[in-house]
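Everything on this sheet refers to the single structure shown next.
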Amino acid sequence: MSQNETLTTLETVYDARKTEKDIYKFWEDNEYFKADNTTSKETYSIVIPPPNVTGVLHMGHALDGTLQDILIRYNRMLSKEVLWMPGCDHAGIATQNVIEKNLAKDGLTRHDLGREKFLEKTWDWANTHKNRILEQFKLLGASFDLSRKRFTLDKGCSDAVKKVFVDLYNKGLIYKGSYIVNWCPRCQSAISDIETNYETEPGHLWEISYPLKDEMGAIVIATTRPETMFGDVAIAVNPTDYKYKDLVGKYCVMPLTGRTIPIIADEYVDKSFGTGALKITPAHDPNDFEVGIRHNLPQIKVIDEKGCMIANEYVPPQIQGLTREEAREKTVKMLEEHQVLVRVTEHVHNVGKCQRCNTTIEPLLSRQWFVKMKPLAEPAIEAVKSGKIKFIPERWEKNYLMWMENIRDWCISRQLWWGHQIPAYYHNKTGEMVVALENPDPNNYTQDTDVLDTWFSSGLWPFETMGWPDTNSADFKKFYPTNTLVTGFDIIFFWVARMITMGLEFTKKPPFSTVYIHGLIRDEHGQKMSKSKGNTIDPVDLIEKYGCDALRFTLTYLCTYGGQDIKISDEKFEFGRNFANKIWNASRYVLMNISKSKDELELDSAKFTIADKWILNELNDTVKLVNENLENYRIGEVASVLYDFFRAKYCDRYIELSKIEKNEAVLVYVLDNFLRLLHPIMPHITEAIWQKMPISKETSAILKAKYPVYKSEFEFKTDAEKMETVFETIKSLRNIRAEFNIPLGATIDIIIDNNEELYKQIIPYLNRLAKVNSVKFEKNNNAKKSAVCTVLDTKITVPLEDLIDINQEIARQNKKIEKLMPELKSIEGRLGNDKFVSSAPKEVVEKTKTRKAELEAEINLIKETIAKLS
RNA sequence: GGGCGUUUAGCUCAGUUGGUAGAGCGCCUCCCUUACAAGGAGGAUGUCGGGAGUUCGAGCCUCUCAACGCCCACCA
């Protein structure tokens, strides 16, 4: 059985899933995705944004993965040695949450199990799930090198993390200190600033009277959190506030507890807000914390890690042990009873929430590990400013720089168990701390119980996956730094910024040269997709329903250069499916019509028809556009250019023309080139068809084939351009047929008054595509009862005898003039303007003049026609 | 409060250095023409958010106003 028989005997409806499974297996079996770190070829590498080990494939991955795969496949076809590095992230909080939730079903907490048992359980779970998401990436056609698959908690990554931590510590860039952190009482851990989201919530503003000590009078403060008052250490007012001028330096007595605190002046206080007086609670408010440091005030903690009131001397017994919410209610009640509650007003304010679990954050004084970011940020800013790292689209650069220039220290310790345990060891007796790669003496030293923020290890991803800290590793030498990083804008701060800082600090090189930022996937109403809203679309379902290539093509097509968010709905993917089906059927047709052997299918320019020259020229233009757009990350444009070329040019025109006069070599040549061009976007179908192409090939798979290259000097350009006239003529004649309801079976006769030479060449096309029976060449013909069309300077007359209603035809012609007039008017206006003629570029003036002549000729032709008709 | 983005055909959106607008879907008419009805042919549809400015010329550049969206900051 010959190759093309297998394709041509198949059904007319393309079975995407069957083809895609077979093709992916073919690639895998041949190990085509495996990167070779020993070649001397130019390299191109991408590291995958590691999906969470707990995760399942979602539309964001589908888009992100598709774009990466397109770049990888394109560069592979440019004959580079490519590496797409796959792997997963251990996702500290997210994963631990899942495990704890499972435990909770049995009424257990992680503490019931203990650290060791809990980690064992988590590892089990991670191990059983860690293949799932990368397996799902395979459904996307991902051509990553799974033999190199990494995990952020594997040995190599752990070693890298430890080395980075110890080095940064030794450089003084990591420190441990007591600061206010965002504490999640549910996760029982500190979280970083960017893991905190703020939500607007209705609340109250309570005004409380603090009596002055040893004299009459009181100072009224305003607060949204009365329960924290037990931790107050001062009352602050603005130094320029005349209302309180005399009170600064005096003391007041706290209601309910009777503790004495000073009244201080600090610029931070806003005179116009509330009463202009503010209570200072350094242990439970980040701003108060700063004020406290400035004025050397004590820090009194009254809320614990669970969000409950502490039982200490500062908190009244009735309040001790209550939750934050209960304590607030009770405190207010007590203040009322003591008649020190002056006023309560409604007040909308922003409340910090844990990004992971949406629990209200408690700002808490606590001892945590931090990375000093300023010194690390400087080179990272420089790398972007100098253009060593480029953002696409550019506007994200500004965003990145703004964040980096205002960077704050990064709280990296998390009170979790799942993650990289901090390599700090404390002497069991003396408490002395040692930061080292290994425990200096396990009998006498105990490791810090905290783990590192997940983003600490993902920040090292581009080099820890390449064998670092072994800088002699073959992968590191060959594939680092990587070329492009593809991701969504939502993790620029979390991830991209940290990779840049860490990469520069530890490898002295930017980890990638281009950051390609795409939009987020949204539902058809522009809403973010989320499980709780129930508006998610599962890419795996889409692949089953429409095929992977259809999914990829549709997503790519919807991808704009500006990185706008992408709204999708299930039905939108019919677009890609229909295109795949079209490709399948067109290819079937072409392959069915090849009778020549491989050797006879060489291009022979002596045999080119005008149509051949036209399609080859169109192909060449397409090659140019596709390459340019890929180089410039205008990937959506690539999809659109290829779609237009294939449907409008190749199928609707060239294949139709080939039914009249066939050049098998060209038919096959163009299809071959088109498949190569499209392969990065729709890898499976292009591979499947290419495998069946009866042509000589330089390699065994299209994914290894050469990408088409633009020919800057194309010899048949002028001939090719003539075809536009032909298409215009066919369209005009078809329009006449439609307007006058000429039955499909009926032919027409035409009289052409100009361009005889060209039209003689294309008579067969007119015969077939416009059902033209006879063609006469005749200047100044006087055929009555005719419909007429003009194509530039050529008038084509279609005698219609009884079929025609002259008034209808006159109306039709007038409509044409109407359509052309506005353009002519505007052109006349321009050319009549001396300033335009003198200041516009010569080419533009020339072009405008030419266009004017064309328009005038055409309009005159139509006017003449009307005159003759009536 | 600071920054960014969006506003173009009924819907979803393109529009790369300024030379008067395109696609997909939808709509109307016709066609199962031996690759494809997941298709083909023909057609209709836009004061490019409002206003002002620069320019010979603005969807594109500048300013301004409006609406919607996002990010950062976090005023008790």
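Below, read A as the first sequence line, B as the second, and so on, with proteins coming before strands; counting in each chain starts at 1. These numbers come from a predicted model, not from an experiment. As a basis for the values below, the full set of heavy atoms in this structure was taken, side chains included, without hydrogen atoms, waters or symmetry mates.
Few gaps surround NZ on A:K243; more than 12 heavy atoms of other groups in view lie less than 6.0 Å from it.
Between B:rU16 and B:rU6, the two P atoms lie 12 Å apart (nearest whole Å). Here the separation of B:rU55 from B:rC60, taken at their C1' atoms, is 13 Å to the nearest Å. When the P atom is used for both B:rU8 and B:rG59, the distance is 15 Å, rounded to whole Å. Going from the C1' atom of B:rG40 to that of B:rA35 covers 12 Å, rounded to whole Å. For B:rA23 and B:rU45, the C1' atoms lie 14 Å apart once the distance is rounded to whole Å. To the nearest whole angstrom, the two C1' atoms, one in B:rU29 and one in B:rG19, are 36 Å apart. Comparing B:rG3 with B:rA73, their C1' atoms sit 10 Å apart, to the nearest whole Å. If you take atom P in B:rU12 and the same atom in B:rU7, they sit 12 Å apart, rounded to whole Å.
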Filtered N/O pairs between nucleotides 14-19 of chain B and protein, under 3.5 Å:
| unit_1 | atom_1 | unit_2 | atom_2 | d |
| --- | --- | --- | --- | --- |
| B:rU16 | O2 | A:R634 | NE | 3.2 |

Within the sub-3.5 Å range, which N or O atoms of nucleotides 7-11 of chain B have a protein N or O partner, and how far apart are they?
none

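Under a 4.0 Å N-O distance rule, the pair A:K353/A:E201 qualifies as a salt bridge. Between A:D570 and A:K545, at least one side-chain N (NZ, or NE/NH1/NH2) sits under 4.0 Å from a carboxylate O, which counts as a salt bridge. Ion pairing of A:R812 with A:E739 is absent here, as no side-chain N (NZ or NE/NH1/NH2) approaches a carboxylate O to less than 4.0 Å. Using a cutoff of 4.0 Å between basic side-chain nitrogens and carboxylate oxygens, A:K659 and A:E656 are scored as salt-bridged. Ion pairing between a basic and an acidic side chain is recognised when a charged N comes within 4.0 Å of a carboxylate O; A:K852 and A:E828 show no such pairing.
Within 4.0 Å of A:R408, counting heavy atoms only, lie sugar-phosphate atoms of the nucleic acid but no base atom. A:G276 comes within 4.0 angstrom of a base, heavy atoms only. If you check every strand for non-hydrogen atoms under 4.0 Å, A:V269 touches a base. At the heavy-atom level, A:F575 lies under 4.0 Å from the strands shown only through sugar-phosphate atoms.
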Once Watson-Crick and G-U wobble pairs under 3.5 Å are found, how is RNA chain B written in dot-bracket notation, 5' to 3', with | for any base paired to another strand? (((((((..((((.....[..)))).(((((.......))))).....(((((..]....))))))))))))....
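In this structure, A:K835 atom NZ and B:rG57 atom P are separated by 8 Å, rounded to whole Å. The NZ-P distance, from A:K842 to B:rC56, rounds to 19 Å in whole Å. The nearest whole Å value for the distance from the CZ atom in A:R522 to the P atom in B:rC13 is 11 Å. Nucleotide B:rC13 holds its C1' atom 9 Å from the OH atom of A:Y557, rounded to whole Å. Between A:I685 atom CD1 and B:rA35 atom P there is a gap of 18 Å when expressed in whole angstrom units. Between the NZ atom of A:K528 and the P atom of B:rC68 there is a distance of 20 Å, given to the nearest Å. Between A:K572 atom NZ and B:rG24 atom P there is a gap of 14 Å when expressed in whole angstrom units. The nearest whole Å value for the distance from the CD1 atom in A:I566 to the C1' atom in B:rU6 is 15 Å.
When the ring-ring contact (aromatic ring centres under 6.0 Å, His included) test is applied to A:F391, the partners found at least two apart in sequence or on another chain are A:Y400. For A:R634, there are no side-chain hydrogen bond (donor to acceptor under 3.5 Å, both in side chains) partners at least two apart in sequence or on another chain. Shown here are the ring-ring contact (aromatic ring centres under 6.0 Å, His included) partners of A:Y650, two or more places apart in sequence or in another chain: A:F646. With sequence neighbours excluded, the residues forming a side-chain hydrogen bond (donor to acceptor under 3.5 Å, both in side chains) with A:E854 are A:R851, listed by chain and number. Shown here are the side chain to side chain contact (heavy atoms under 4.5 Å, CB included) partners of A:D652, two or more places apart in sequence or in another chain: A:K582. With sequence neighbours excluded, the residues that form a side-chain hydrogen bond (donor to acceptor under 3.5 Å, both in side chains) with A:S530 are A:S532.
For the residue pair A:T12 and A:W584, the shortest heavy atom distance occurs at O-CD1, 4.2 Å.
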Does the pair A:N833 and A:R830 meet the rule for a side chain to side chain donor-acceptor pair (under 3.5 Å), with working shown? CA-CA 5 Å; A:N833 185 333; A:R830 262 185 281 166; over 6 Å; no
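The nearest heavy atom of RNA chain B to A:G274 and to A:K567 marks one nucleotide each, and the one closer to the 5' end goes with A:K567. Heavy-atom distances to RNA chain B give each of A:I194 and A:D270 a nearest nucleotide, and the one nearer the 5′ end belongs to A:I194.
A side chain to side chain donor-acceptor pair (under 3.5 Å) check over residues 390-399 of chain A, counting only residues at least two apart or in different chains, returns nothing.
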If a protein heavy atom is under 4.0 Å from the base, mark B; if only from the sugar-phosphate, S; if neither, -; do that for nucleotides 36-47 of chain B going 5' to 3'. B-BSSSSSS---
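Side-chain N/O atoms of A:K279 and A:T228 include a donor and acceptor closer than 3.5 Å. Of the N and O atoms on the side chains of A:D232 and A:Y210, at least one donor lies less than 3.5 Å from an acceptor on the other residue.
No close placement of the A:H684 and A:Y14 rings is indicated, their centers lying 6.0 Å or farther apart.
The base of B:rC74 sits with one of its N or O atoms less than 3.5 Å from a complementary donor or acceptor on the side chain of A:N350.
Only A:A222, A:T223, A:T224, listed by number, bring a heavy atom of residues 220-239 of chain A to less than 4.0 angstrom from any atom of RNA chain B.
The side chain of A:H349 contributes no N or O atom lying less than 4.0 Å from OP1 or OP2 of B:rC74.
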